[in-house]
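Data first, discussion second: the structure below is written as structure tokens.
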Amino acid sequence: MIGGSCAEEFSRVRQEFERNFADRGEVGASVCVMIDGEPVVDLWGGVADRETGRPWEKDTASVVFSCTKGATALCAHVLASRGQLDLAAPVTRYWPEFGQSGKEDITVGMLLNHQSGLPVISAPLPDSAFFDWERMIAALEVEKPLWEPGSRHGYHALTFGWLVGEVVHRASGKSLGEFFRDEVAGPLGLDFWIGCPEEVEPRLAPMIFPEPREGDEPSLFMTMAATEPESIPGRIFANSGGYMLPGPTGFDSRNAHAAEIGAAGGISNARGLAGMYAPLACGGRLGGVELVDRRALARMSTTMSAGHDATLLIGSRFSAGYFRSIDNRHRPYGLRDSVILSPDAFGHPGFGGSIGFASPANRMSFGYTMNNMGPGTLLNDRGQSLVDAVYRSLGYTDDSTEVWC
């Protein structure tokens, strides 16, 4: 059931990957760890499509949900490193039409830090709205912030992609998906798309929406999404033009895969995620590909928003576009969603439990994807067990202080 390779010193990762299938409900998945851009773990296994029994192969890919935000944020940092984008500048410098309804002073950095107050769209969206970039941009141009921009943060679960993506578009002259393809995925040789070509479709693994298991702890975010349609979580799911639901307009349709949905629609696998973060773990450059400068890496690894998250309803920490280590394990029931990393690390998890991140202190990058989505909004026991095994393999011994050390 398991294919690929694993260096002996990372045998713990293989063991946990196998346990995920045996004990934790994994169906199909991939995990990759790179040191200095070279894979030391590259494993895949299980079933890509439960209906047909098609196995998960080396090149199988799937929707990686919010792991896509890491790619979208990287595009902004690439432009900033080239002097084409100022993260401290108002968004209106690049996107003048954005400056309506109290948004005149919102900076590009506020978009990356989830501080702009635009976690939802108020106007009802028709089916398939997410596949129409111009419609979504027009809706955000007139949207009024839910809080004073910069005064607090709340995860922009779906709007992040159009907000940051349109800035990338205005600053570069390319669509978000084109820029990512031409400047990141192409040069690095990654299986990673924001807007997936049709020829890739046969090797995609359909996602399996979270199915409750005995012992699972539903997050308050997901509970509110299901029971309180006027809450921020409820509006994220209910007003998604059908994207967050199974069906012909949902996230696993061909139209969804083809669309440039920069917050949640990326298509990749563990090798693609680890490969994207590999240059960021190695000073911004890998081989002949130089993505970002030292200033960008400092922004990626410095916490800029922290505290109670108005959307996720838990404690969260963000740098400029990325999650930092978050430990809510001591919180009350329903508020324990966490992702435990080392103090230097930054990256992004995806709905259902996927994750990609960089650890510059170890020159290590990591990716994990799967088709059987788990509970909660951040990592579940499958993804975290793999992350834990990597850190133990690197000599870390303690995760009790909110980070691995």
Side-chain angles (χ1 to χ4, degrees), residues 27-28 48-52 54 56 59-72 75 119-121 124-140 156-166 168-169 175-181 185 190-210 222 225 233 235-269 272-273 348-354 356 369-373 377:
V27 174
D49 189 330
R50 281 203 304 195
E51 290 191 7
T52 66
R54 174 168 54 93
W56 191 295
D59 65 350
T60 299
S62 63
V63 179
V64 295
F65 289 105
S66 287
C67 293
T68 315
K69 292 184 180 71
T72 298
C75 292
V120 296
I121 292 175
L125 296 172
D127 284 353
S128 303
F130 277 23
F131 310 153
D132 185 340
W133 186 276
E134 294 304 322
R135 176 188 287 274
M136 299 305 297
I137 295 309
L140 286 164
H156 288 40
L158 297 173
T159 57
F160 182 97
W162 295 290
L163 291 168
V164 178
E166 183 63 8
V168 169
H169 174 211
S175 75
L176 173 65
E178 290 170 342
F179 187 89
F180 180 70
R181 179 196 65 203
L190 307 179
D191 266 1
F192 199 151
W193 301 271
I194 305 175
C196 185
E198 189 167 8
E199 60 266 25
V200 178
E201 197 74 23
R203 55 186 174 101
L204 301 188
M207 301 303 289
I208 304 167
F209 208 73
M222 293 302 296
R235 292 161 70 185
I236 287 170
F237 277 82
N239 196 30
S240 67
Y243 181 78
M244 293 304 296
L245 302 172
T249 60
F251 52 75
D252 246 339
S253 64
R254 171 58 200 152
N255 285 338
H257 295 164
E260 296 185 6
I261 301 174
I267 303 286
S268 192
N269 50 34
L273 286 173
H348 219 293
F351 182 41
S354 54
T369 69
M370 76 295 134
N371 55 3
N372 189 26
M373 300 164 65
T377 51

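Computed from a prediction, not measured in an experiment: that's the story for all the values here.
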Nearest heavy-atom pair of [X] and [Y]: which atoms, and what distance?
X: G165; Y: W133; value: C-CZ2, 3.7 Å
X: P206; Y: A48; value: CD-O, 3.4 Å
X: E260; Y: W162; value: O-NE1, 4.2 Å
X: G266; Y: F192; value: CA-CE2, 4.4 Å

Evaluation steps, side chain to side chain contact (heavy atoms under 4.5 Å, CB included), between H348 and T72: CA-CA 11 Å; H348 219 293; T72 298; over 6 Å; no
Evaluation steps, side chain to side chain contact (heavy atoms under 4.5 Å, CB included), between T60 and L204: CA-CA 6 Å; T60 299; L204 301 188; over 6 Å; no
So [Y] and [X], do their side chains get closer than 4.5 Å, heavy atoms only?
X: R54; Y: P202; answer: no
X: L125; Y: F130; answer: yes
X: I194; Y: T68; answer: yes
X: I121; Y: L140; answer: yes
X: N372; Y: M207; answer: no
X: L158; Y: M244; answer: yes
X: C67; Y: L273; answer: yes
X: T369; Y: S268; answer: no

Hey, does the side chain of [X] reach the backbone of [Y] with a donor-acceptor pair shorter than 3.5 angstrom?
X: R235; Y: V120; value: no
X: N371; Y: G28; value: yes
X: S253; Y: A256; value: yes
X: S66; Y: K69; value: no
X: T249; Y: Y243; value: no

Report, as yes or no, whether the 6.0 Å neighbourhood of atom CD on E51 holds more than 12 heavy atoms from other residues, nucleotides or ligands. no
Start with the C-alpha gap between V27 and M370, add the side-chain angles, then the distance that decides, and say whether side chain to side chain contact (heavy atoms under 4.5 Å, CB included) holds. CA-CA 8 Å; V27 174; M370 76 295 134; over 6 Å; no
Would F237 and M222 count as a side chain to side chain contact (heavy atoms under 4.5 Å, CB included) if you check the C-alpha gap in whole Å, the side-chain angles of each, and the deciding distance to 0.1 Å? CA-CA 10 Å; F237 277 82; M222 293 302 296; 4.0 Å; yes
Assign the ring pair F251 / F209 to parallel, tilted or perpendicular, where the plane angle (0 to 90°) is split at 30° and 60°.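 Plane angle under 30°, so parallel.
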